[in-house]
Undergrad: 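Got a structure here, written out as structure tokens. Questions coming.
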Amino acid sequence: MNVKKLLIEPLRKTNPVTVLVLGICSCLAVTAQLKPALVMGASVTVVTAFSNLIISLLRKGIPSRIRIIVQLVVVATLVILIDQFLKAFAYDVSKQLSVYVGLIITNCIIMGRLEAFALSHGPIESFLDGVGNGLGYSLILVIVAFFRELLGSGTLLGYQVIPPSFYEAGYQNNGLMILPPMALIVIGVVLWINNSKTESK
Amino acid sequence: MSLFHLFLKSVFVDNMIFAYFLGMCSYLAVSKTVKTSAGLGLAVTFVLVVTVPVNYLINKYLLAPGALAWISPRLATLDLSFLTYILFIAIIAAIVQILEMVIETFTPSLYSALGIFLPLIAVNCAILGCSLFMQERGFANVGEAAVFGLGSGLGWLLAIVAIAAIREKLRYSKIPKGLQGIGISFIITGLMGIAFMAFMGIKL
């Protein structure tokens with residue numbers, strides 16, 4: 001078992017978002033600021049890791065005809081735990097994320113990893129694979145959120161980063177970056193850079 | 001807000017793809033030709049029209065705080081809303097399964113058109129997302145929920161057919177190498193989203 005390979009490869013080489021194009025569904029809407037993006041990334045990592053672990057433990061007992069329903073129930077239970085946890089300890093962020101926490105259930109990364117990996121591998125490997133893919137996903141969210149918050153509101157995690165003297169000299173925040181469609185364009189550019197780098201190797 | 005306004009609002013202003021990014025996975029994966037994307041769009045609309053009202057009733061009579069009062073007054077203080085996700089997704093998966101069987105038995109021609117897409121729909125975020133938005137907005141009756149489902153579904157259909165038509169034409173254009181395929185689709189969707197934002201200023 002190659003721990004490093006399971007954890008590191010999904011960050012770049014088999015990144016679930018940029019290479020496999022999974023799980024972009026619900027989550028671009030949370031990248032207008034860095035903080036909700038971090039929370040979302042962490043939640044998805046936890047859910048992917050533990051659902052992979054649980055399904056891997058159950059994999060010999062699940063009849064293959066009803067496996068989708070079983071997987072959905074396991075994932076939904078984990079998401080409910082995350083949702084209640086966020087409501088209790090990070091209420092502001094959970095309000096910001098609103099329905100997108102619930103939409104982790106239908107995030108294709110989770111179902112994709114369950115189908116492609118957890119059903120055919122042992123529990124520890126599956127857990128690590130879940131962590132790796134969750135981190136790969138978080139990486140993209142954080143990159144997109146970093147640029148959108150920096151250019152859109154001049155802050156990072158709520159702290160002012162661009163010095164006031166810039167604004168006095170005539171610099172203005174790019175209001176377009178906060179609007180939802182810009183998330184798609186930023187991720188398109190991230191994909192472009194990523195693809196050209198992989199090709200040139 | 002009248003039903004017609006609600007309908008227009010859910011098609012254009014609150015478009016599932018351009019305003020909320022819901023159902024992006026199948027939107028990007030299936031939008032290679034206009035014909036298949038129209039099939040998927042129809043299937044999504046169909047499932048939304050059925051699941052949103054059903055989930056509305058589930059929410060109203062089972063999940064919302066105090067919703068169980070109709071069984072016995074002693075249950076009026078119960079709040080089951082933490083079960084929302086698990087019940088909604090179970091209902092959606094079950095309805096998709098039932099719909100598939102019903103369509104297969106009664107209208108084989110429709111089944112051959114929609115058939116392959118139906119299983120995919122259970123895990124389409126647009127379906128669950130629409131039910132969750134319905135819960136968040138608190139509609140007054142089942143009719144409003146059904147119209148919201150229909151409007152959102154048609155909005156999704158419109159978006160996927162539009163991008164499929166553009167992607168069919170894109171085959172003849174010269175795109176930088178790293179941007180080909182998914183990359184350019186993202187950027188086009190973003191630009192379409194900016195165009196759709198024009199609708200946001202409309203007061204209905």
Undergrad: Where do A:Ile80 and B:Phe82 come nearest, in terms of heavy atoms and distance?
TA: CD1-O, 3.4 Å

Undergrad: Can you list, pair by pair, the side-chain donor-acceptor contacts under 3.5 Å of residues 152-162 of chain B, counting residues two or more places apart and other chains?
TA:
unit_1	atom_1	unit_2	atom_2	d
B:Ser152	OG	B:Phe148	O	2.8
B:Trp156	NE1	B:Leu22	O	3.2

Undergrad: Nearest 0.5 Å please: distance from the CD1 atom of B:Ile127 over to the CG atom of A:Leu103.
TA: 11.5 Å

Undergrad: From B:Ile92 CD1 over to A:Ile105 CD1, what is the distance, rounded to the nearest 0.5 angstrom?
TA: 9.0 Å

Undergrad: Nearest heavy-atom pair of B:Tyr20 and A:Tyr100: which atoms, and what distance?
TA: O-OH, 3.2 Å

Undergrad: Do you know which two heavy atoms are closest between A:Gly188 and B:Phe186, and how far apart they sit?
TA: CA-CB, 3.9 Å

Undergrad: Surrounding CZ of A:Phe147 (heavy atoms of other residues, nucleotides or ligands, distance under 6.0 Å), is the total greater than 12?
TA: no

Undergrad: Could you give the distance from OG1 (B:Thr189) to CD1 (A:Ile187), rounded to the nearest 0.5 Å?
TA: 11.0 Å

Undergrad: Given heavy-atom pairs under 4.5 angstrom as the criterion, report whether the side chain, backbone, both or neither of B:Ala19 touches chain A.
TA: backbone

Undergrad: Is B:Met192 close to chain A through its backbone or its side chain, or both, or neither, when contacts mean heavy atoms under 4.5 Å?
TA: neither

Undergrad: Looking only at heavy atoms, what is the nearest atom pair of B:Gly190 and A:Pro181, with distance?
TA: O-CB, 3.2 Å

Undergrad: Between A:Leu179 and chain B, which part of the residue has a heavy atom less than 4.5 Å away: side chain, backbone, both or neither?
TA: side chain

Undergrad: So, applying side chain to side chain contact (heavy atoms under 4.5 Å, CB included) with B:Ile89, which one of A:Val75, A:Leu72, A:Val73, A:Val79 is it?
TA: A:Leu72

Undergrad: Show every salt bridge (Lys or Arg N to Asp or Glu O under 4.0 Å) that has at least one partner inside residues 69-94 of chain A, sequence neighbours left out.
TA: A:Asp83-A:Lys87

Undergrad: I want to check something: taking the side chain as every heavy atom from C-beta on, are B:Leu191 and A:Ile185 in contact at a cut-off of under 4.5 Å?
TA: yes

